[in-house]
Amino acid sequence: MRSMSSLDIAIVINELKDVIGSRVDKIYHYPPDEIRIKLRGKSRWDLIIEAGKRFHPTIFPKESPRFPSSFAMLLRKHLEGAKLVSLEQYDFDRVILLEFEREERKYLIAELFSKGNVILTDENFRVIMPLKSKVEERYTFPEKRVTPLDVSVEDLRSLLDEREIVKIIATKLGTGGLYAEEILERANVEKNKKGSEISDSEIERILKAIREIYRFDDLKPHIVIKNGKYHDYQPIKLIKYKDFEKKYFDRYYEAIDSFFAFKESERVEEAEKKSEIIETLEARLRKQIEKKDEFE
């Protein structure tokens, strides 16, 4: 199950303009990595932050943990009643900044890359407490890089090396493998071609394809369905999924929310099936032990 990409995050944050100005009502921590922030304003919002994976509002309720974790208690102490004054993506990266104001300003920083983290800091980005792993006293943001939003012909040419062009685009521009392949297919460029062998005309076509994908004005939020199950979520139509069944939504965060809710229900169902199998095997084992005892 894939984590949200930089493009996913940018679109969802753009859809959440109305959440700005809301105040924190409650905060819950569902170990190990999920934080839920309940906000009240003109509307009520239930925001999910799952370290290393996702950030979006949800309509699916979840029972409150019986005992709050130390991290949940700390977040409540610092943020309950605070106003959400800004919500930003850092440098088109998989880092989200939620800025809160009560007596003082505080930041909640959500990292959706790698294993991820959620970090509470003061207004100067001095770390108050991270969800997991020890971090430096002051939060260090990822190094800035060229992004698909502002890449130029010169930028793209400077990134080319002896690796395959699909790997260069995926890593150096941070598009990920799926979008790197989509870009090259739209540009009609062989994905395994070495970066050093890419011609000027191919660079122009690649740049055109990047701008087509990252322009944010032709969104078709949907879930891709494969063999009757939710397979992926996408904000735009991709060539790779052209023959797949799709379920469309008005907002992209609604598609993402439905996708993860479906996957969670699948996980619970699978766990229940395993539990039933284990119970059946344990009952069989008890009978075999009873028969063994009788025989002896």
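Keep in mind that the numbers below use all heavy atoms, side chains included, and drop hydrogens, waters and symmetry copies.
No single ILVMFWY cluster, assembled from side-chain heavy atoms under 4.5 Å apart, contains both I49 and F60. When the side chains of ILVMFWY residues are joined at heavy-atom separations under 4.5 Å, either directly or via intervening members, L39 and Y28 end up in two distinct hydrophobic clusters. By the criterion of side-chain heavy atoms lying less than 4.5 angstrom apart, applied directly or through intervening Ile, Leu, Val, Met, Phe, Trp or Tyr residues, Y241 is grouped together with I11 in one hydrophobic cluster.
In this structure, R44 CZ and D25 CG are separated by 5.5 Å, a value rounded to the nearest 0.5 Å. Summarising the geometry, atom CG belonging to D18 is positioned 6.5 Å from atom OG belonging to S43; distances are rounded to the nearest 0.5 Å. Rounded to the nearest 0.5 angstrom, H222 NE2 and K246 NZ are separated by 5.5 Å. Atom CG of L156 and atom CD of E202 lie 11.0 Å apart (nearest 0.5 Å). For the atom pair CZ of R105 and CZ of F100, the computed distance is 12.5 Å after rounding to the nearest 0.5 Å. Expressed to the nearest 0.5 Å, how far CD of E164 lies from NZ of K194 amounts to 9.0 Å.
Under the 4.5 Å side-chain criterion, counting only non-hydrogen atoms from C-beta, L47 is in contact with L16. Considering only heavy atoms from C-beta on, L184 stays 4.5 Å or farther from K193 through its side chain. With contacts defined as side-chain heavy-atom distances shorter than 4.5 Å, the pair L173/I210 qualifies. In this structure, the side chains of R54 and E34 come closer than 4.5 Å at one or more pairs of heavy atoms. At a threshold of 4.5 Å between non-hydrogen side-chain atoms, the residues L219 and I236 count as touching.
Side chain of K38 to backbone of R36: no donor-acceptor contact under 3.5 angstrom is found. Using a distance-only test at 3.5 Å, with no hydrogens or angles considered, a donor-acceptor pair links the side chain of Q89 to the main chain of S6. E88 places no side-chain N or O within 3.5 Å of a backbone atom of Y90 that could act as its donor or acceptor partner. Between the side chain of N124 and the main chain of R126, no donor-acceptor pair closer than 3.5 Å is present. S265 contributes a side-chain N or O that, together with a main-chain N or O of F262, makes up a donor-acceptor pair within less than 3.5 Å. Under a 3.5 Å cut-off, the side chain of D33 and the backbone N or O of E50 do not form any donor-acceptor pair. K263 contributes a side-chain N or O that, together with a main-chain N or O of Y230, makes up a donor-acceptor pair within less than 3.5 Å. At least one donor-acceptor pair under 3.5 Å links the side chain of D8 to the backbone N or O of S5. The closest donor-acceptor contact from the side chain of K132 to the backbone of K115 lies under 3.5 Å.
The six-membered or imidazole ring of F260 lies near that of Y233, with a centre-to-centre distance under 6.0 Å. The aromatic ring centres of F141 and F125 sit less than 6.0 Å apart.
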Evaluation steps, side chain to side chain contact (heavy atoms under 4.5 Å, CB included), between V224 and L238: CA-CA 10 Å; V224 178; L238 299 183; over 6 Å; no

Apply side chain to side chain donor-acceptor pair (under 3.5 Å) to residues D155 and S158 and explain how you reach the verdict. CA-CA 5 Å; D155 291 329; S158 71; 5.0 Å; no

Pair F216-N14, side chain to side chain contact (heavy atoms under 4.5 Å, CB included): steps then yes or no: CA-CA 10 Å; F216 300 96; N14 189 56; over 6 Å; no

Is there a salt bridge (charged side-chain N to carboxylate O under 4.0 Å, His left out) between K247 and E254 once you walk through the steps? CA-CA 11 Å; K247 181 178 180 181; E254 294 170 347; over 6 Å; no

For side chain to side chain contact (heavy atoms under 4.5 Å, CB included), just list the numbers for E197 and E190, CA-CA rounded to whole Å, side-chain angles, deciding distance to a tenth of an Å, and then say yes or no. CA-CA 11 Å; E197 298 171 352; E190 171 54 48; over 6 Å; no

Where do K144 and D93 land on the salt bridge (charged side-chain N to carboxylate O under 4.0 Å, His left out) test, with the steps shown first? CA-CA 9 Å; K144 292 205 171 208; D93 209 329; over 6 Å; no

Given side chain to side chain donor-acceptor pair (under 3.5 Å), test T58 with D46 step by step and report yes or no. CA-CA 6 Å; T58 182; D46 195 350; 5.9 Å; no

Side chain to side chain contact (heavy atoms under 4.5 Å, CB included), that's the test. Do F55 and L98 meet it? Break it down for me. CA-CA 11 Å; F55 169 83; L98 296 92; 4.2 Å; yes

Report all side-chain donor-acceptor pairs from residues 174-181 shorter than 3.5 Å, counting only partners two or more places apart or in another chain.
from, atom 1, to, atom 2, distance (Å)
T175, OG1, I169, O, 3.3
Y179, OH, Q234, OE1, 2.4
E181, OE2, K191, NZ, 3.3

Could you tabulate the donor-acceptor pairs under 3.5 Å formed by side-chain atoms of residues 72-84, not counting sequence neighbours?
from, atom 1, to, atom 2, distance (Å)
R76, NE, I27, O, 2.7
R76, NH2, I27, O, 2.9
H78, ND1, K106, NZ, 3.0

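A cation-pi geometry, defined here as NZ or CZ lying under 6.0 Å from the six-membered ring centre and within 45° of its normal, holds between K62 and Y30.
Ionic pairing of K208 and E204 is not present here: no N-O contact between side-chain nitrogen and carboxylate oxygen is shorter than 4.0 angstrom. Salt bridge annotation for E182-K237: absent, with no cationic side-chain nitrogen under 4.0 angstrom from a carboxylate oxygen. We find that K240 and D232 are not joined by a salt bridge, their nearest charged nitrogen and carboxylate oxygen being 4.0 Å or further apart.
Among all heavy-atom pairs drawn from I223 and A255, the shortest one is CD1-O, 3.3 Å. Of all non-hydrogen atoms in V189 and I198, the two that sit nearest each other are CG1-CD1, 3.9 Å.
Atom CG of N227 sits in a sparse spot, with 12 or fewer heavy atoms from other residues, nucleotides or ligands closer than 6.0 Å.
Every residue was checked against the side-chain hydrogen bond (donor to acceptor under 3.5 Å, both in side chains) condition with S114, not counting sequence neighbours, and none meets it.
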